[in-house]
Amino acid sequence: MMANESLLNQVTVRGQKIMAHDLPQLLGFTAIDYLVNNSDDMTSVAEQANGAAQGAYDAQETNDRQDETLADHSETLANHGQRISAAEETLQDHANRIDTLEIVSADHEKRIGDIEADYVSKSATGQQKLASSLDVNASYSVNGVKVVGERVTGWVASTGTPYTSIFNGDKTNTAGTAYSQTVLQAIADDLKQARQRIIALEGVLRSHGLLA
């Protein structure tokens with residue numbers, strides 16, 4: 001809204017100012033005084049009207065400037081509102097992502113706890129236990145030295161009774177120059193016991209999977 005330019009049009013009192021000597025004296029003092037004062041009042045009214053019109057115009061211009069300022073403020077507030085809405089959406093997205101990360105973190109903490117409670121360490125020096133079987137690729141080593149390797153195949157299983165009782169590897173049999181059935185039988189018995197011991201050892205190796 002623009003200020004009304006017509007308010008700047010000055011009010012003009014048309015006519016001349018009436019002076020007492022311009023009037024006929026026969027009108028009397030009262031009439032002359034009234035006409036002179038009335039002329040002065042009309043001039044004052046015109047001046048007051050012009051001043052009021054200028055004030056009204058100035059007020060309208062001030063209102064126009066205030067309207068422009070308010071319009072700028074409204075646009076700024078609208079822009080701020082959009083930015084605040086965008087920031088709220090971003091914050092909500094961050095909150096959602098934080099919630100997701102907290103769930104993932106809790107799951108990872110649980111899994112780490114499970115691993116710490118039940119795992120085999122490469123650097124631990126204390127005794128460690130496994131509740132299940134262990135499958136390795138080639139062999140077992142102790143201090144870099146192979147102690148158990150892959151199963152050896154091609155062995156035919158022995159038959160007979162394995163001997164697992166007391167076995168004296170240093171036992172000897174005395175043989176004389178003459179034939180002795182007793183000595184020969186003792187040697188045969190010891191040989192049988194040794195063979196049965198071999199069967200027992202073979203059985204152990206097979207039970208541990210070293211022979212097939």
Side-chain angles (χ1 to χ4, degrees), residues 73-212:
H73 288 178
S74 297
E75 183 177 352
T76 301
L77 289 175
N79 179 262
H80 287 177
Q82 293 174 355
R83 295 173 63 185
I84 291 172
S85 297
E88 289 177 345
E89 291 179 0
T90 301
L91 289 175
Q92 184 60 49
D93 178 68
H94 287 177
N96 294 337
R97 294 172 64 184
I98 290 172
D99 291 341
T100 301
L101 290 176
E102 287 178 347
I103 295 174
V104 173
S105 177
D107 179 67
H108 286 179
E109 288 179 357
K110 181 180 181 302
R111 294 172 64 183
I112 292 172
D114 294 340
I115 292 174
E116 289 178 343
D118 185 19
Y119 80 108
V120 176
S121 172
K122 293 173 61 178
S123 60
T125 58
Q127 185 180 29
Q128 300 182 76
K129 296 181 179 180
L130 287 176
S132 63
S133 60
L134 180 63
D135 186 8
V136 298
N137 186 39
S139 63
Y140 291 96
S141 299
V142 176
N143 293 328
V145 179
K146 176 182 175 181
V147 293
V148 178
E150 297 181 355
R151 173 182 288 186
V152 179
T153 61
W155 284 67
V156 178
S158 302
T159 60
T161 303
Y163 180 76
T164 58
S165 187
I166 298 174
F167 185 82
N168 184 6
D170 293 330
K171 181 182 178 181
T172 59
N173 296 102
T174 303
T177 56
Y179 171 77
S180 172
Q181 179 65 33
T182 302
V183 173
L184 185 59
Q185 186 61 50
I187 294 174
D189 290 343
D190 288 344
L191 179 59
K192 178 182 178 180
Q193 188 181 79
R195 291 168 65 89
Q196 290 177 334
R197 193 71 169 184
I198 292 172
I199 292 176
L201 293 174
E202 181 184 327
V204 172
L205 292 176
R206 290 185 184 279
S207 68
H208 284 286
L210 299 177
L211 294 178

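Given the structure is predicted, the values throughout are model-derived calculations rather than measurements.
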Peer 1: Who are the side chain to side chain contact (heavy atoms under 4.5 Å, CB included) partners of Leu205, not counting sequence neighbours?
Peer 2: Leu210, Leu211
Peer 1: Sequence neighbours left out, cut at 3.5 Å: what donor-acceptor pairs do the side chains of residues 181-194 make with other protein atoms?
Peer 2:
residue	atom	partner	partner atom	Å
Gln181	OE1	Tyr179	OH	2.2
Gln185	NE2	Asp189	OD1	2.9
Asp190	OD1	Lys171	NZ	2.9
Asp190	OD2	Asn173	ND2	3.3
Gln193	NE2	Tyr163	OH	3.4

Peer 1: To the nearest 0.5 angstrom, please state how far the OG1 atom of Thr164 sits from the CZ atom of Arg197.
Peer 2: 7.0 Å
Peer 1: Sort and list the pairs that fulfil side-chain hydrogen bond (donor to acceptor under 3.5 Å, both in side chains) and have at least one residue in residues 128-144, not counting sequence neighbours.
Peer 2: none
Peer 1: Side chains of residues 97-117: which donor-acceptor partners sit under 3.5 Å, not counting sequence neighbours?
Peer 2:
residue	atom	partner	partner atom	Å
Thr100	OG1	Asn96	O	3.0
Lys110	NZ	Asp114	OD2	3.2

Peer 1: The criterion is side chain to side chain donor-acceptor pair (under 3.5 Å); which residues satisfy it with Ser121, sequence neighbours excluded?
Peer 2: Ser123
Peer 1: Please confirm whether the backbone N or O of Gly209 pairs with a side-chain atom of Arg151, one donor and one acceptor, at under 3.5 Å?
Peer 2: yes
Peer 1: Keeping to residues at least two apart or across chains, list the salt bridge (Lys or Arg N to Asp or Glu O under 4.0 Å) pairs with something in residues 140-149.
Peer 2: none
Peer 1: Tell me the side-chain hydrogen bond (donor to acceptor under 3.5 Å, both in side chains) pairs involving residues 200-212, sequence neighbours left out?
Peer 2: Ser158-Glu202, Glu202-Arg206
Peer 1: List the residues meeting side chain to side chain contact (heavy atoms under 4.5 Å, CB included) with His80, not counting sequence neighbours, and say none if there are none.
Peer 2: Thr76, Arg83
